[in-house]
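Residues take their numbers from the sequence shown, with the count starting at 1.
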Amino acid sequence: MIDAIKNVSSLSATRGLGGIATDLSSTVSNAIASTPETAIGSSAVGSFASVMSDVAKNTVSTLKEAENASFAGIKGTMSTREVVDKVMQADQTLQTAIALRDKMVSAFLDITKMQI
């Protein structure tokens with residue numbers, strides 16, 4: 001089910017997500033290790049795009065984990081509590097991604113309404 005998200009070619013942030021690792025610790029440690037000097041300035045070209053790409057990858061990864069947990073729960077190899085935790089985490093991640101998308105669309109519409 002979640003693999004169908006990869007087929008959306010109009011979303012450039014979701015292209016090439018076939019190799020998403022389920023371990024997000026490297027992404028988190030890279031984000032924490034970045035300093036304000038690298039986040040601001042000429043060396044940060046494309047940093048907004050990379051942040052949005054990371055958000056999309058993490059969202060898809062979390063949704064895949066929840067889907068796998070659901071199947072494991074159906075098979076009986078995972079406890080109900082673990083399945084519920086994964087699904088609730090995926091729901092929270094999806095709601096965050098939707099809110100972020102809505103804010104970005106709203107900001108874009110505000111920019112397009114500005115007079116030149």
Please set out all donor-acceptor pairs under 3.5 angstrom arising from side-chain atoms of residues 85-95, sequence neighbours excluded.
residue	atom	partner	partner atom	Å
Thr93	OG1	Gln89	O	2.9

Distance-only donor-acceptor hits, side chain of residues 105-116, under 3.5 Å, sequence neighbours excluded:
residue	atom	partner	partner atom	Å
Thr112	OG1	Phe108	O	3.4
Thr112	OG1	Leu109	O	2.8

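- Interatomic distance, OG of Ser50 versus NZ of Lys57, reported as 9.5 Å (0.5 Å rounding).
- The distance from the OG1 atom of Thr59 to the CG atom of Asp54 is 10.5 Å, given to the nearest 0.5 Å.
- No side-chain donor-acceptor contact under 3.5 Å links Ser53 to the backbone of Ala49.
- Sorted by first and then second residue, the salt bridge (charged side-chain N to carboxylate O under 4.0 Å, His left out) pairs with a member in residues 95-109 form an empty list; sequence neighbours excluded.
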Report the C-alpha separation of Met78 and Asn68 in whole Å, then their side-chain angles, then the decisive distance to 0.1 Å, and conclude whether the side chain to side chain contact (heavy atoms under 4.5 Å, CB included) test is met. CA-CA 10 Å; Met78 187 178 281; Asn68 291 335; over 6 Å; no
